[in-house]
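A quick write-up on the structure given underneath.
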Amino acid sequence: MSDPWPRSARWTSTGLAVGGLAAADLAERFGTPLLVFDEADLRERMRSVAALFPRVAYAVKSMTCAAVIRAALEEGLDLLCASGGEVATCLRAGAPPSRVMLHGNAKTDDELALAVRARLAAVIVDDAEELDRLAAIARAAGASQPILLRVTPEVDVQTHEAIATGHAASKFGVPLAAAADVARRAAATAGVRLIGLHAHAGSQVLDVDAHVRVLRALLAVVNEAGIRPAILDVGGGFGVTYTDETPSALGAVASALGAVLDVSGVHAQLQVEPGRAIVANAGLSLYRVVTRKHARDRELVAVDGGMSDNLRPALYDARHDMAAVTPGDGPTERVTVVGRHCESGDVVADDVALPAGLARGDLLAVAATGAYTYPLASAYNRFGRPAVIGVRDGEATLWVRREDVDDMDRLDVILGSPWEAGGLRTAEGGTRT
Ligand code: LLP
C-alpha cells in the first residue's frame with residue numbers, strides 16, 4: 001500500500017517526527033492548526049515528475065505560496081495559473097513570465113490583458129468567444145499571444161463528481177465536435193499563435209487509462225484539424241494516496257502516454273500539469289484536541305481546526321489518514337474527529353481508530369493535506385487561516401504566517417472608521433453609544 005505520509009515522517013518512541021523535528025515541538029513553537037511541508041520530499045516529487053515528462057507545469061492552485069512556487073521553479077517546473085491573482089502571486093514570487101501559463105473557463109478582459117502585457121508563455125483558451133477577445137486585446141497591444149486551445153475530451157473518470165472536468169457536459173473547454181473547427185480558426189487568427197492543444201479529465205484520477213483517452217482525444221482533433229501543434233497538454237489530475245488508494249505510478253502514466261504519442265506520428269511535446277501529485281503527500285496538518293464528548297452513538301473528539309483549514313472532507317466527503325502524534329501501543333477506540341466550526345458537516349475524520357482516551361491537549365496529525373487545503377481555506381467563524389511551515393534536516397522555516405483577527409478585519413472598511421464618535425444607529429433612527 002502506498003504511504004500517504006511525507007517521506008521523512010517517522011514514529012519514534014516520543015511520537016511523530018517530520019523533517020527531523022518532533023511534531024510536538026513544531027506545534028508548541030508555531031501553534032495549531034499547522035500545515036507542515038516536508039521540503040525535501042516536496043522537491044523530490046518535483047524533480048521526479050520533471051524527469052518523467054518532457055514539459056511539466058505545476059498547478060499553482062493546489063498550494064499557492066511563494067515557497068512552493070519558488071521550489072517548483074528551482075526544480076525545473078513551469079507554472080499553471082487558474083486566475084490573474086495566481087499569475088500576480090507567481091510573478092511577485094519571482095517567476096519569469098516565460099514560465100507561466102494561464103487557464104480558466106471565464107477569464108475577464110483584465111486577466112487576458114494581464115497575460116498579454118506580462119508576456120506569459122501561454123494562455124489556455126477555453127472557447128471561441130475568448131479566442132476572439134484575446135486576439136483583439138493582443139492585436140491592440142501589438143502582440144501575438146501564444147495559446148493552447150482547451151478541448152473537452154469527453155472522457156468520464158472515476159472521481160468525485162465535483163472534480164471531474166472532461167465529460168461532455170463540462171463547463172471547461174471547446175466541445176469535442178467543434179474543436180477541430182475552432183483550432184483551425186485559432187491557427188488563422190491574427191493576434192494569437194496556436195502552439196498546442198489542452199485537455200484535463202479531472203482530478204484525483206487513479207487510473208492510467210483516463211489520461212491515455214485524453215491524449216487520444218487530442219490526437220483525433222490534431223488529425224481532423226490538420227494542424228501541427230508543438231505541445232499536447234493532457235492536464236493534471238494524477239491521483240494520490242489519502243488512506244488506502246493505489247494510484248498508477250507516474251512513470252507508468254508517462255510511458256503509456258509516450259507510447260501512444262510515438263505511434264501517432266504527431267511530433268508534439270507532451271505536457272502535464274500536476275498539482276496534487278506534487279504537493280498532497282508532502283504536507284500534513286497538526287491539530288490539538290480541545291474537548292471530547294460522548295454523543296448518542298459515537299465518541300466525538302473536537303480539535304482546534306476543521307473546515308476553514310481543510311474543506312475537503314466537507315466539500316468532497318474526502319477522507320485523510322489520521323494518527324495521534326504520540327501513538328503509544330495501548331488499545332484504540334473508534335472516534336469521530338470534529339472541527340470547531342458552527343456546522344455539523346465540519347467533520348475532520350468520521351469513525352477512525354485512534355489511541356483510546358485521547359484528551360484535551362493531545363495532538364493529532366492528518367496526512368496528505370498538502371494539496372487543496374490552504375488555497376481553499378477561509379476566515380469562516382474568524383478562526384483565521386493556519387500557519388504554513390517547511391521542515392528539512394532538523395530546521396523549520398515559517399512559509400506563511402498565521403492569519404489573525406487584524407488580518408481578517410483589514411478589509412472591513414466600516415470597522416476601520418471610528419463608530420464610537422457617532423454611536424451605533426438604532427432601529428428607531430437614534431443613536432446608542
Ligand atoms: N490542470 C487543470 C486544467 C486543472 O483544472 C487542475 C485542477 C489541474 C491541472 C491540477 O489537478 P491535480 O493534478 O492537482 O489533480 N479542490 C479539489 C481539486 C480541484 C482540482 C481543480 N483543477 C480537491 O481538493 O480535490
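Keep in mind that this is a model prediction, so the values were computed, not measured. Whatever order the structure lists them in is the order used to number ligands and atoms, beginning at 1.
Residue F172 forms a side-chain contact (heavy atoms from CB on, under 4.5 Å) with just one option from H103, R150, H198, and that option is R150. Just one of V303, D304, T373 meets the side-chain contact (heavy atoms from CB on, under 4.5 Å) condition when paired with P33; it is D304.
Of all non-hydrogen atoms in R133 and D109, the two that sit nearest each other are NH1-OD1, 2.6 Å.
Both tests hold for R340 against F383: distance to the six-membered ring centre under 6.0 Å, angle to the ring axis within 45°.
Nearest protein neighbour of atom 13 (O) of ligand 1, counting heavy atoms only, is G237 N, 2.8 Å. Among protein heavy atoms, atom 19 (C) of ligand 1 sits closest to I163 CG2, 3.7 Å. In terms of protein heavy-atom proximity, atom 1 (N) of ligand 1 is closest to E273 OE1, 2.6 Å.
The atoms of ligand 1 that sit less than 4.0 Å from any heavy atom of L80 are 1 (N), 9 (C). Counting the atoms of ligand 1 from 1 in the order shown, those under 4.0 Å from a heavy atom of R312 are 23 (C), 24 (O), 25 (O). Taking every non-hydrogen atom of P274 and a distance limit under 4.0 Å, the qualifying atoms of ligand 1 come out as 13 (O).
If you check each of R276, K61, H200 against atom 25 (O) of ligand 1, the one with the closest non-hydrogen atom is R276. Of the listed options F238, Y58, Y372, Y372 places a heavy atom closest to atom 14 (O) of ligand 1.
With contacts defined as side-chain heavy-atom distances shorter than 4.5 Å, the pair D233/H200 does not qualify.
Checked by distance only, ligand 1 and G202 stay at 3.5 Å or farther apart across all their nitrogen or oxygen atoms. Checked by distance only, ligand 1 and G275 come closer than 3.5 Å through their nitrogen or oxygen atoms. Below 3.5 Å of separation, one finds an N or O of Y316 facing an N or O of ligand 1.
Remark: distances from the non-hydrogen atoms of G235 to ligand 1 are all 4.0 Å or more. Using 4.0 Å as the threshold, A277 has no heavy atom nearer than that to any atom of ligand 1.
With no hydrogens or angles considered, no side-chain donor-acceptor pair links D351 and T336 at under 3.5 Å. Side-chain contact of Y380 with E343: a donor-acceptor pair under 3.5 Å is present, judged by distance alone. Counted by atom type alone, S308 and H341 present one or more donor-acceptor pairs between their side chains at under 3.5 Å. If you check the side chains of Y287 and D309, you find a donor sitting under 3.5 Å from an acceptor.
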Item to check | Evaluation steps, side-chain contact (heavy atoms from CB on, under 4.5 Å), between L315 and R312 | outcome: CA-CA 5 Å; L315 200 54; R312 303 193 68 259; 5.9 Å; no
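With a 4.0 Å cut-off on non-hydrogen atoms, F172 does not touch ligand 1 at all. The proximity of S203 to ligand 1, defined as any non-hydrogen pair under 4.0 Å, involves the side chain as well as the backbone. Neither the backbone nor the side chain of M101 comes within 4.0 Å of ligand 1, counting heavy atoms alone.
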